[in-house]
Amino acid sequence: MLDYLYTSQYQMRGIVAVSLGQISGQTKEDFTHAVFMRFQSKEDLTKFYENPFYLQVLKEHVVPNCHSSRLDASLQGLMNVDYESEVEDDILPIFRKGEDFNYGIEFVLLIVFVEAAISGPAEDALTSLQELTMEFPCLIVQCTQGSNFNFSSEDYTHGVVIRFRSREAFEIFFTSSRYRDVWKSKFQPIARKTLAIHFSVDPVGTEIM
């Protein structure tokens, strides 16, 4: 299943980068695997969802292995969150290539902010987290975040993806007093629900695509 999802980037245009893996530990909603994909544009993302190859991969290799205990059976154990973000204008961070991206921990945070906080306090909280990650280049390779615009999956309002250099870096950051202070003061008062997962990233090649 993971092989088919990973190699989909070679079958379709518009996919800039892919990382995926088995989630470490147990999540609140019993998710077992996660996939992160970066696209060049919203248009490419829309075409991806409609691409016959992707739909075939879902039908033959993903959905048969999925289970959902939720009332909405149409979800088939899957959830998508899409957001728009910017990264450094350089080939390595854009395509997530090079030694820094070969290993590490991919951390995914999904958040439901209370409606009253969406415009102001939520953006302030995300900005504070973004600024904090930039203070730890020895721990963090890249951080992106944004508002979920996938209207077919409105379980969460925002998404954050952070690539850590190692499991040790991951643990150092989340046990730091700086992070705990930001989370307690900025996120806890306005977050109605959160889902935090992480998975290990294995090397898949050394050449720049």
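Quick caveat: nothing in here was measured; it's all calculated off a predicted structure.
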Mutual orientation of the aromatic rings belonging to F164 and F107 [parallel < 30°, tilted 30-60°, perpendicular > 60°]: perpendicular
Residue set satisfying ring pair (Phe, Tyr, Trp, His ring centres under 6.0 Å) with F136, at least two apart, ordered chain then number -> F173
Just to verify, what does E43 make a side-chain contact (heavy atoms from CB on, under 4.5 Å) with, not counting sequence neighbours? S41
Who are the ring pair (Phe, Tyr, Trp, His ring centres under 6.0 Å) partners of F113, not counting sequence neighbours? H158
Hits for side-chain hydrogen bond (donor to acceptor under 3.5 Å, both in side chains) against D100, two or more places apart or cross-chain, chain-then-number order -> R165
Can you give the donor-acceptor pairs under 3.5 Å from side chains of residues 46-57 to other protein atoms, not counting sequence neighbours?
from : atom 1 : to   : atom 2 : distance (Å)
T46  : OG1    : K42  : O      : 3.1
Y49  : OH     : D82  : OD1    : 3.1
Y49  : OH     : D82  : OD2    : 3.0
Y49  : OH     : N150 : ND2    : 3.4
N51  : OD1    : F53  : N      : 2.8
Q56  : NE2    : E60  : OE2    : 3.2

Contacts of H33 that satisfy side-chain contact (heavy atoms from CB on, under 4.5 Å) - sequence neighbours left out: M1, L2, Q22
same_hphob_cluster(F151, L45) at 4.5 Å side-chain heavy-atom cutoff: no
Salt-bridge test for R178 and E135: reply yes if a basic N is under 4.0 Å from a carboxylate O, no otherwise. yes
List the atom pairs, donor and acceptor, that lie under 3.5 Å between side-chain atoms in residues 117-127 and the rest of the protein, sequence neighbours left out.
from : atom 1 : to   : atom 2 : distance (Å)
D124 : OD2    : K186 : NZ     : 2.8
T127 : OG1    : E123 : O      : 2.8

Can you name the side-chain hydrogen bond (donor to acceptor under 3.5 Å, both in side chains) partners of S147, sequence neighbours left out? none
Set of side-chain contact (heavy atoms from CB on, under 4.5 Å) partners for D90, sequence neighbours left out: E88, L92, P93
What pairs with F187 under ring pair (Phe, Tyr, Trp, His ring centres under 6.0 Å), at least two apart in sequence or on another chain? W183
Tell me, please, which residues at least two apart from S166 pass side-chain contact (heavy atoms from CB on, under 4.5 Å). E168, A169
Within 6.0 Å of CG in N65, more than 12 heavy atoms from elsewhere: yes
T144: what forms a side-chain hydrogen bond (donor to acceptor under 3.5 Å, both in side chains) with it, not counting sequence neighbours? Y83
